[in-house]
Amino acid sequence: MAEFLTPQHEDFSKWYNEIVLKADLADYSPVRGCMVIKPYGYTLWERIREELDRRFKATGHVNAYFPLFIPQSFLSKEAEHVEGFAPELAVVTHGGGKKLDEPLVVRPTSETIIGHMYAKWIQSYRDLPVLINQWANVVRWEMRTRLFLRTTEFLWQEGHTAHATSDEAMEETMRMLNVYTDFAVNEGALPVIPGRKSEKEKFAGAVATYTIEAMMKDTKALQAGTSHYLGQNFAKAFDIQYLDENNELQYVWTTSWGVSTRMVGAIVMAHGDDHGLVLPPRLAPIQVVIVPIWRKNKEKAAVLAAARNIEARLRGLVRVKLDEREGLSPGWKFNDWEMRGVPLRVELGPRDIEREQVMIARRDIPGREGKVSVPLTALETTVQTLLDTVHQALYQKALDFRESHTYDVKTYDELKEAVQHGFARVLWAGDGEDEEAVKAETKATLRCLLAEPAETPGKCVYTGRPTDQVAIFARAY
RNA sequence: CGGGGCAUAGCGCAGUUUGGUUAGCGCGCACGGUUUGGGUCCGUGAGGUCGGCGGUUCAAAUCCGCCUGCCCCGACCA
């Protein structure tokens, strides 16, 4: 077979760039660092959005929309926040042909403007909690960009909640981390490690940042979602106060949490193979593609009729597409849909019609081994079962991959070696400077600190100090 | 912002070293026919300010200068 795609082992980065373009997920825009999300990629994002949104609603959240433009002064109200974002802000200085009195920042995230509004809206403990999410675009002027993984403008959701107590806010923070984990596993077939970010890696302005970290097929880590416990930092910066039951003025406790279009990149890099995308069935824009096969023109009508019948039977049950394109051979279409990662392919030709069956090919198992013949009577049930099977198989495969590339190491030398091949799981008691040193030497960063203490405490892999805190180190996106 | 690479048809490239008349090739695209169980075949055709500006020259895709953009690596980051 000719090469349509750079093999992953040859150049993973190149493979990624090619597949994003060839699978029609996105295209480069005329503006540096920005991307056009094409319909196929956008539909995938819509699926992600639908499944996340469903979970947000189920946990009591409502959607709202806050403006793109933020007065520049807002950003500086929270010291860490401004420091964290200042270098990557896009600033509007002119409007309507005139220089603005105060420049407007294009939101890099909305804590500040939402904090400002919450201060207005929240008066009493009866107003709490406020549980708002917004789906929006944000802009961060990144030095180096990659499609979906890091673009100047990207799409995301950002939840912003305000609570009466610290405990409630922390509970919310963890609830949403769990929502993200559940989404990643059950929709994306993406095994993730939930954990807390180190002081060095946490969100600018947060008291604590929690993350879900996934392993990509090049063994690098990718942060797929974050949930921040903001304490009273923004409440104090924006004066968000309420009167409690005792008529005493209190600052609220806030959280924020987000998942971005980067999730698309995570899915591409966690499941994709040398034939192209491999999409998790529950998120795939098209779950089942039907490729009709005919040899002679006189066969065409019968095959197409049968194919349309199958499409009609599956429609409503799954997201199905019948590929009626003319002039393309079945083999060409097979490869085309494999490139696009469609989980199941139904092949239907004269032989199948004669035998009252179809061939169903699984995207996650390339070639003949992934094909089964299915009697027409069992079409619907088999398709639905297979979609679940593929989901499970993808999850298990990704999990096995991560596990076989995760190393429990005891010494710094071992860590240095381990992060060249995957995740290093270590005991850690170092500080930000120690992390910096590890990064300078290994290019690996502290991805997250696990909630569970080590079963057998020991010495920090770097400082030698006694600890039971477990950390994951890895090279990361 | 530093280092490297690239810029010629929609995409991928050759041609540039050593300047020379009409800038080629593959894929894709359009049309006609043929075909279709793992990227069919034949024919016809459309498509180019050779990234931009300036310079050298009788003559520039080719040599020189400046600029711009993109990709990769690094610093920064979801």
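This is a predicted model, so every value here is computed, not measured. Lettering of chains follows the sequences in order, A, B, ..., and the numbering in each one begins at 1.
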Participant: Reckon A:G258 touches a base, only the sugar-phosphate, or nothing at all at heavy-atom distances under 4.0 Å?
Facilitator: nothing

Participant: Would you say B:U40 has OP1 or OP2 under 4.0 Å from some side-chain N or O of A:S329?
Facilitator: yes

Participant: Look through every strand shown and name the nucleotide pairing with B:C58 as Watson-Crick or G-U wobble, where both distances are under 3.5 Å.
Facilitator: B:G20

Participant: Whom does B:A78 pair with, Watson-Crick or G-U wobble, provided both distances fall under 3.5 Å?
Facilitator: none

Participant: Both distances below 3.5 Å, Watson-Crick or wobble geometry, any strand: find the nucleotide opposite B:C70.
Facilitator: B:G5

Participant: Classify the nucleic acid contact of A:L222 as base, sugar-phosphate or nothing, counting any heavy atom under 4.0 Å across all strands shown.
Facilitator: nothing

Participant: Tell me whether the OP1 or OP2 atom of B:C72 has a side-chain N or O from A:R146 closer than 4.0 Å.
Facilitator: yes

Participant: Side-chain atoms of residues 204-212 of chain A: list all donor-acceptor pairs with protein atoms under 3.5 Å, sequence neighbours left out, distances to 0.1 Å.
Facilitator:
residue	atom	partner	partner atom	Å
A:T209	OG1	A:F203	N	2.8
A:T209	OG1	A:H228	ND1	2.8
A:T211	OG1	A:E213	OE2	2.8

Participant: Would you mind classifying the nucleic acid contact of A:K197 as base, sugar-phosphate or nothing, using non-hydrogen atoms under 4.0 angstrom?
Facilitator: nothing

Participant: Does a side-chain N-to-carboxylate-O contact under 4.0 Å join A:E311 and A:R308?
Facilitator: no

Participant: Can you tell me how the ring of A:W253 sits relative to the ring of A:Y229, calling it parallel under 30°, perpendicular over 60° and tilted otherwise?
Facilitator: parallel

Participant: Within the structure shown, what part of the strands sits under 4.0 Å from A:E347 by heavy-atom distance: base, sugar-phosphate, or nothing?
Facilitator: base

Participant: Would you measure the distance from the P atom in B:A75 across to the matching atom in B:C13 and give it in whole Å?
Facilitator: 28 Å

Participant: Does a sphere of radius 6.0 Å around NZ in A:K14 hold more than 12 heavy atoms from other residues, nucleotides or ligands, not counting ones at 6.0 Å or beyond?
Facilitator: no

Participant: Would you kindly compare A:N17 and A:R140 by the position of their nearest RNA chain B nucleotide and give the one closer to the 5′ end?
Facilitator: A:N17

Participant: When you measure from the side-chain N and O atoms of A:K443 to the phosphate of B:C76, is any distance below 4.0 Å, counting only OP1 and OP2?
Facilitator: no

Participant: With nearest nucleotide decided by heavy atoms, which residue, A:Y477 or A:F334, maps closer to the 5′ end of RNA chain B?
Facilitator: A:F334

